[in-house]
Amino acid sequence: MNQKKSAAKNGGKVNNKQNSAAVYTLVVFVGTFFCACLIALVSELVLKNMNSFWLGFSVLVCVVLIGVFFDIIGTAVSVCGQTHLNAKASKRIPGAKKALGLTRNASRVANICNDVIGDVCGTVSGGIGTALAAVLTTSGGLVGLLISVGITGCIAAVTVAGKALGKSFAIDKADDIIFNVGRLLDWPEVVRAYLKQRPKTPK
């Protein structure tokens with residue numbers, strides 16, 4: 001009888017996990033779709049009327065840096081330990097609880113940062129590269145093809161190299177990175193704590 005109850009409980013837990021995973025997958029799918037559409041629409045509207053190469057180049061750099069930044073967070077949360085965060089959370093240090101929450105959901109956070117945001121930035125950067133190639137040359141043929149291929153190759157190389165450097169940094173400084181991300185997410189408490197610690201100036 002006890003075995004049947006325990007089996008039923010375990011079966012219920014498995015079903016709950018499967019349902020939770022299915023809901024999470026659906027949310028990620030829908031969120032990624034609308035996020036990618038929104039970013040692509042904004043980029044298209046900006047770049048469609050773009051006549052300056054350097055404006056487009058600046059937008060491209062920002063998109064690549066965003067992709068690298070979130071890749072660092074995704075890598076750091078995967079290797080970050082919880083011991084130091086538990087200690088800071090017990091001392092009620094602002095940001096520690098948020099950081100601890102990130103590490104407890106490390107797989108989902110890494111998925112969103114590395115896969116969702118990373119893929120969206122990769123897609124958008126490719127579109128920006130095409131727009132830059134169109135700005136650089138109005139002629140088609142071999143010249144236009146070479147410029148387009150060259151820009152695409154440069155974007156891919158810079159993105160991969162940036163993520164490679166970022167992963168090395170993320171692994172070395174994982175604890176500090178996630179704690180600071182937690183502080184960023186918990187910024188109202190951080191500001192309050194800072195204001196409390198500031199020495200009051202005599203009137």
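No hydrogens, no waters, no symmetry mates; every other heavy atom, side chains included, goes into these values.
With values rounded to the nearest 0.5 angstrom, Asp115 atom CG is found 14.0 Å from Arg108 atom CZ. Atoms CD1 and CD1, on Ile178 and Ile73 in that order, are 6.5 Å from each other to the nearest 0.5 Å. Here the OG-CD1 distance, from Ser107 to Ile112, works out to 9.5 Å after rounding to the nearest 0.5 Å. Ser125 contributes atom OG, which lies 6.5 Å from atom CG of Leu60 (distance to the nearest 0.5 angstrom). Put simply, CD1 on Ile72 and CG on Leu165 are 9.0 Å apart, with the number rounded to the nearest 0.5 Å. Summarising the geometry, atom CD1 belonging to Ile117 is positioned 10.0 Å from atom CG belonging to Asn111; distances are rounded to the nearest 0.5 Å.
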Pair Asp186-Lys97, salt bridge (charged side-chain N to carboxylate O under 4.0 Å, His left out): steps then yes or no:
CA-CA 9 Å; Asp186 200 23; Lys97 284 187 178 181; over 6 Å; no
Can Val109 and Cys113 be said to form a side-chain contact (heavy atoms from CB on, under 4.5 Å), step by step?
CA-CA 6 Å; Val109 175; Cys113 291; 4.1 Å; yes
Under the side-chain contact (heavy atoms from CB on, under 4.5 Å) criterion, do Leu184 and Asn180 qualify, and how do the steps go?
CA-CA 6 Å; Leu184 184 62; Asn180 284 313; over 6 Å; no
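A donor-acceptor pair is defined here as one N or O able to donate and one able to accept, closer than 3.5 Å; such a pair exists between the side chain of Ser78 and the backbone of Gly74.
Just one of Val64, Leu65, Val63 meets the side-chain contact (heavy atoms from CB on, under 4.5 Å) condition when paired with Val61; it is Leu65. Shown are Leu85, Ile177, Thr75; of these, the side-chain contact (heavy atoms from CB on, under 4.5 Å) with Cys80 is made only by Leu85.
No continuous path of hydrophobic side-chain contacts links Val160 to Phe70 [ILVMFWY only; heavy atoms under 4.5 Å].
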